[in-house]
Amino acid sequence: MSSDAALGNVVHLRQVVQVRKCRAWGYAVVDLVAPDGAIKKRDKTVVVKFPEDVRDVAIEGSLWEVSGKEYLYSYMIDGIHLGEYRIEAENVVFLRPSGVILARWISSNVRGIGSVIANRLVRIKNLSSLVESCNEEALLDVAGMTHERAQRLFECWPDPNLYKTIEWLEEQQLPIGLGEKLVAVFGVDAVNKIKSHPFLLLAMGVSFEKVMKVVREQSFSMTDAAVVAGVALHVAIKHSEKTRSTVIDQASLAEGYTQLMKSPIPEGVGEIAVKEGLLVKVRDGYQVYGKALMEAAVAQFLVKASKRLPGEDSVSAEWEKVQSYTSVDKSLADYESSLDIKLTAEQREAVVGSVMVPVSCISGGAGTGKTTILKAILGVYEAIAPGMQCYQVALSGRASQRMAESTGRPSQTIAKFIAEHLGEKKSKFPSHLLMVIDEASMVDLLSMYKLISMLPKATRMLFVGDTSQLPPVGDGLVFHALSNTLLPFFNLSHGMRQSEESELHKFSNSIRASLVRFPNSTRATLSESDECSFESNATIPRLVGLWREAGGAGNIVLSPVRRGVLGVDNINGELQHAVGLNRRSLHYSDPLRGWIPWVTPTGARLLEGDPVLVTANNYDVNADIRNGDLGVVTVAFENHGDESGAVGFIEVNGKKILVMPDLLNKLDLGYAITIHKSQGSEWPTCFVMLPGEAKNMIDQTLVYTAITRSTERLVMMGDEVVLKEAVRRGAAALKRKTYLRERILMADGA
């Protein structure tokens, strides 16, 4: 497939178009509609690229006024030159069809009604009222109308409330894509509901500034309870986005309100928001309703699951009635006899204790044998509950892949797991199952809420993680909150026998214990250095030399920052340059310039042999990869695509994947990645950057996560002060305010 493009002289101004077929990324094939309702004939297909905020509404059959430039887009498939006219819509207006345009809409959207009957219908006075009231008798007076045609007209007729809502949104310069959501939630009263409570728009992603514009136009006083409550809601939402807490305390609420409104805070602002139904009161502050609902649902599910009686809620759970500590311990002994190592007493307790209860948690640092324990638990389950379905999930793709490799059983990301089991036509769960969540410290509240919302009552759950690692990127502290509750929480403290004397193990344990035990300095070469060392000469040439000695790609460089000399972006470019730039590059077809090299948002080209990082989830059946996955460019097509439109191949998780043009937006260089992206992954050798400018940015959990990604060798490079300050700062995640633990205790009756 090849392509080129040439600008045309056509500029459309308020051109009426009707969407004929929707494509991906906001493109849609359209008909150009003349003022008399006729279709303007063109020698090629006409395509409109709609602005992002209206794409949900630009459905097949909808009518729009479009303004924007048109250009000719030409391409080649199987040696045949093809082309289409594309309009880059700069301004669009959603139309309520009437007159001849309405006749055109009816004949296009209602099966069985052609242009002749449609033109007869639009001559009827009050046609909209007749259709909306389903007055079939009046419509049957029109020649050619039948019962079946009338019923189809009733079914296809647009919801009048949607038109009214969209028109109001356009007047307020708000995204008209909100129309369907508002009508779905509030029905006929959607506009009046928003006029009365404008701050409901905040929950739908409308900016505070635009909501305040609606507030002023509706003549609200800044002291009205609805406004005070709405501002409090906005402050609570922004506080959650900044701190990832699910609770805002009174002091933070007051400070945020005063800074935002530049005026004294009304007395009892939190209680006003509670009375107005926008916030929920908890012991130490307030919560947005959504966060409170999710925490309550997670707490209730876990408590009910943990208190479920043996054999209850599923015939498949009958095996639980005959199990005892003795029988489980015997099954573990049988499994242990097949191992090359002997479990410690602490590990045996965690295995037996986790199998004996429906819900349990295991936490431990690097080298404490969490993977070995998980395999033992699964082995025991296989012996005492043969046939019970086990699902393994993790938040990131890399963590999921590593769990599958270590246990020899299938594993998925939580996002993929949920996607595969949502909807009526999706596969259903058995009534009794085991759910294993690895790297549980990464799981945020929303992911956990989605997960428990679909699981059966007779679910057994096992959380495996490390409370000393990085917290979730999203809101909440789910795994941390499960400790000190009714749920058994096994904390592993002893390393596996073969790793107790490891310098890596000793160093990671010292950081975990909030101590700074500096390793020896890195020597001239890695072969002369300890397996864990510190290099204060943190220059790019030194990094390149050590990286090459370690084996190059296949190992990883981690940094807490993207910018700067020791930031991810610069290191990626430097290592790519060190490997060599004389390699084929992934290209793409630009509408104006033809085939040109693809450049990532960080300014990098992607060359054959480059490691790449997936930066966003991709759910395509032929390229099912996740944010955080790492791969390598194996083939790059230059100046052309293949017959499918692909521009090259990458290999991710052992799978060969076609790189389609839309996947390019989700790839970046992967020689170096941020520490956050590394969680859940392991590499033989890790180089951890500690740039001086990160001194006030990183904490103990970030350092601990970085240094525990290595399985064989760790080299830290940078400023020793950064390491000391991070450990002194401790775990910033523990400062998050949440209410999940309290809700678990309340649900348990404690």
Side-chain angles (χ1 to χ4, degrees), residues 237-249 252 284-285 287-288 291 294-295 298-299 302 361-366 370 393-400 413-415 437-451 463-485 487 489 491-492 508 511-514 558-561 627-628 673-681 688 694 696-709 725-744:
I237 291 172
K238 300 307 288 185
H239 181 268
S240 179
E241 291 176 355
K242 180 180 179 180
T243 67
R244 294 307 177 188
S245 299
T246 63
V247 174
I248 183 170
D249 59 83
S252 297
D284 297 322
Q287 287 189 301
V288 174
K291 303 290 190 283
M294 287 189 285
E295 284 189 344
V298 170
L302 293 177
C361 313
I362 297 175
S363 177
K370 295 191 298 295
V393 297
L395 193 71
S396 73
R398 290 280 292 179
S400 170
T413 63
I414 292 178
I437 303 176
D438 197 19
E439 297 288 349
S441 68
M442 300 170 66
V443 179
D444 60 281
L445 177 61
L446 178 59
S447 297
M448 191 65 202
Y449 171 72
K450 289 180 177 178
L451 192 60
F463 297 85
V464 182
D466 185 352
T467 54
S468 293
Q469 286 193 23
L470 281 170
V473 175
D475 297 343
L477 282 174
V478 174
F479 188 55
H480 299 69
L482 303 184
S483 62
N484 300 319
T485 65
L487 304 176
F489 203 100
N491 285 294
L492 306 177
S508 64
I511 298 299
R512 202 171 196 267
S514 301
L558 304 177
S559 177
V561 296
N627 186 359
I673 62 175
T674 63
I675 297 172
H676 277 93
K677 287 285 188 184
S678 75
Q679 191 165 8
S681 303
V688 177
N696 299 318
M697 299 167 50
I698 66 177
D699 72 348
Q700 182 177 341
T701 59
L702 196 74
V703 170
Y704 178 76
T705 298
I707 65 177
T708 54
R709 300 307 92 202
E725 282 296 303
V727 175
R728 183 194 63 78
R729 189 171 290 113
L734 299 182
K735 298 176 183 177
R736 293 187 186 185
K737 295 183 182 297
T738 69
Y739 207 62
L740 178 57
R741 177 181 286 119
E742 288 79 359
R743 292 191 185 280
I744 291 174

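What's counted below: heavy atoms across the whole structure, side chains too, no hydrogens, waters or symmetry copies. None of the values given here were measured: they were computed from a predicted structure.
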If only atom types and distance count, is the side chain of [X] paired as donor or acceptor with the main-chain N or O of [Y] below 3.5 Å?
X    : Y    : answer
Q679 : L470 : yes
R709 : S681 : yes
T485 : L482 : yes
Q700 : I511 : yes

Quick check: do [X] and [Y] have side-chain heavy atoms less than 4.5 Å from each other?
X    : Y    : result
F463 : V443 : no
T467 : S483 : no
S396 : M442 : yes
N627 : T413 : no
R512 : D466 : yes
N484 : R741 : yes
E439 : Q469 : yes

When rounded to the nearest 0.5 angstrom, what distance separates [atom1] in [X] from [atom2] in [Y]?
X    : Y    : atom1 : atom2 : result
H676 : S559 : NE2   : OG    : 12.0 Å
L395 : M448 : CG    : CE    : 12.0 Å
K450 : L446 : NZ    : CG    : 4.5 Å
T701 : L734 : OG1   : CG    : 8.0 Å
I248 : T246 : CD1   : OG1   : 11.5 Å
S678 : L558 : OG    : CG    : 4.5 Å

Atom of [X], atom of [Y] and distance for their closest heavy-atom approach:
X    : Y    : result
R729 : N696 : NH2-CA, 3.5 Å
P471 : L477 : CB-CD2, 3.8 Å
S245 : K737 : OG-N, 3.0 Å
G474 : R736 : O-NH1, 3.1 Å
H239 : V247 : CE1-O, 3.7 Å
I675 : P560 : CD1-N, 3.8 Å

key: Contacts of N491 that satisfy side-chain contact (heavy atoms from CB on, under 4.5 Å) - sequence neighbours left out   =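 side-chain contact (heavy atoms from CB on, under 4.5 Å) list for N491, sorted by chain: S363, F489.
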
query = Quick check: are there more than 12 heavy atoms from other residues, nucleotides or ligands sitting under 6.0 Å from NZ of K370?
reply =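 Yes, because the 6.0 Å sphere around NZ of K370 holds more than 12 heavy atoms from other groups.
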
ask   = Which pairs, with at least one residue in residues 470-482 and sequence neighbours excluded, count as a salt bridge (charged side-chain N to carboxylate O under 4.0 Å, His left out)?
value =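 Output for this query lists R244-D475, K291-D475.
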
